[in-house]
J.: 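Here's a structure for you.
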Amino acid sequence: MMRHGSPFRDRRGAAAAEMALVAPLLCAIMIGSVELGSYFYNEHILVKAVRDGARYAARQSFTNYGCSGAPTGSVVANTQALVRTSLLSSGTDRFPDIQNGDITLSTSCKTTEGGQSMTNGVYKGMATGAPIVTVQATVDYEPVIGAAFGFSGVGMHLNASQQAAVMGI
C-alpha cells in the first residue's frame, strides 16, 4: 500500500540508512581499539622483559663490570636470553623476530646520586663508584589485524630501557 503525501515525511528505512552511514566508523573504531590494545600489551611484555634482564644483570659479580662498554663473561648472553625467552637456557621467544642484536647492555659508573656518595657500603673501596647496567631492547611491532586492512606496521618499533645498580651478589 502506498502512502500519499510528501516523500520527506516517510520514515520507513531511516534506521537502516543511519546504520549504513555509521557502520564503517564503528568498525574502524573497533579494529583500531583491538590494534591499540595489542600494541600496548606487546609494549608491556617488552618493558617487563627488559626490567627482568636489568634485574638479573645487576646481581652479577663486580668483576664482570667496568665503567664503560658491555659487561664481560656470560652476563650479556644470559641477559639477552632472559629478555628474549624469560629463561637463561633455551626457550620460546617472546616476540617472533627478536634477535640478540636487538638487546644491548652497557655500563657506566656513578660516584654520587641524589647528593649521596656511591663509594660507601657495598661500593666501599670502588673509587669509580657504583657500576650501573643499562639494558635496552628494540623490537619490530607486528600488527594483529591491521595488515588485513592495509596497515602493515612497517617502521613501528617497541622500545624499552631499564637501568639498575650492580649489587655484586
Side-chain angles (χ1 to χ4, degrees), residues 14-61 64-110 112-114 118 129-169:
E18 290 170 0
M19 186 62 184
L21 291 171
V22 174
L25 178 63
L26 292 175
C27 286
I29 290 172
M30 182 178 66
I31 290 168
S33 297
V34 169
E35 198 63 61
L36 190 63
S38 172
Y39 181 86
F40 285 127
Y41 175 70
N42 282 303
E43 183 179 47
H44 171 74
I45 290 172
L46 184 63
V47 167
K48 183 183 180 313
V50 168
R51 186 181 313 130
D52 290 346
R55 190 177 298 126
Y56 168 79
R59 269 113 184 118
Q60 303 308 304
S61 172
N64 293 314
Y65 292 93
C67 284
S68 63
T72 60
S74 61
V75 175
V76 173
N78 287 345
T79 303
Q80 288 172 333
L82 184 68
V83 171
R84 267 192 16 262
T85 67
S86 78
L87 300 169
L88 292 177
S89 58
S90 63
T92 305
D93 287 346
R94 297 180 200 214
F95 296 95
D97 294 330
I98 192 168
Q99 305 294 322
N100 282 342
D102 299 329
I103 305 157
T104 60
L105 278 75
S106 61
T107 58
S108 61
C109 291
K110 289 190 177 185
T112 59
E113 181 64 34
M118 298 295 282
I132 308 293
V133 63
T134 302
V135 179
Q136 295 178 316
T138 300
V139 179
D140 293 332
Y141 174 68
E142 293 190 18
V144 176
I145 28 182
F149 295 96
F151 173 66
S152 67
V154 171
M156 292 190 68
H157 304 287
L158 301 169
N159 299 301
S161 178
Q162 183 70 41
Q163 286 187 329
V166 177
M167 303 307 271
I169 298 174

J.: Which value, rounded to the nearest 0.5 Å, describes the distance between Thr79 atom OG1 and Leu88 atom CG?
T.: 8.0 Å
J.: Show the nearest heavy-atom pair for residues Tyr65 and Pro71, with the distance to one decimal.
T.: CE2-CG, 3.4 Å
J.: Treating Arg94 as the side-chain partner and Leu46 as the backbone partner, does any N or O pair qualify as donor plus acceptor under 3.5 Å?
T.: no
J.: Between atom CG of Asp140 and atom NE2 of His157, what is the distance when rounded to the nearest 0.5 Å?
T.: 5.5 Å
J.: Identify the heavy atoms of Val144 and Glu35 that sit nearest to each other, and give their distance.
T.: N-OE2, 2.9 Å
J.: Does Gln99 offer a backbone N or O that forms a donor-acceptor pair with the side chain of Asp102 under 3.5 Å?
T.: yes
J.: Can you name the closest pair of heavy atoms from Ala54 and Val133 and give their distance?
T.: O-CG1, 4.1 Å
J.: Would you name the heavy atoms of Tyr39 and Leu158 that are closest together and state the gap between them?
T.: CE1-CD2, 3.5 Å
J.: Might you point out which heavy atoms bring Ala137 and Val50 nearest each other, and give the distance in Å?
T.: CB-CG2, 3.7 Å
J.: Would you give the length of the straight line joining atom CG of Asn100 to atom CD of Gln80, rounded to the nearest 0.5 angstrom?
T.: 4.0 Å
J.: Once rounded to the nearest 0.5 Å, what's the spacing between atom CG of Leu87 and atom CG of Asp93?
T.: 10.5 Å
J.: Tell me which donor-acceptor pairs under 3.5 Å the side chains of residues 160-169 have, and how far apart each pair is, sequence neighbours excluded?
T.:
{"from": "Gln163", "atom 1": "NE2", "to": "Thr134", "atom 2": "OG1", "distance (Å)": "3.2"}

J.: With heavy-atom distances below 4.5 Å as the criterion, would you say the side chains of Ile29 and Leu25 are in contact?
T.: yes
J.: Could you go step by step and tell me if Phe95 and Glu142 meet the side chain to side chain contact (heavy atoms under 4.5 Å, CB included) rule?
T.: CA-CA 9 Å; Phe95 296 95; Glu142 293 190 18; over 6 Å; no
J.: Give, for atom CG of Asp52 and atom CG of Leu82, the distance between the pair rounded to the nearest 0.5 Å.
T.: 6.0 Å
J.: Rounded to the nearest 0.5 Å, what's the gap from CD on Gln60 to OG1 on Thr72? Could you check?
T.: 10.5 Å
J.: Donor-acceptor pair, Thr138 side chain versus Asn159 backbone, under 3.5 Å?
T.: no
J.: Which atom pair, heavy atoms only, marks the closest approach of Gly66 to Cys109?
T.: O-SG, 3.9 Å
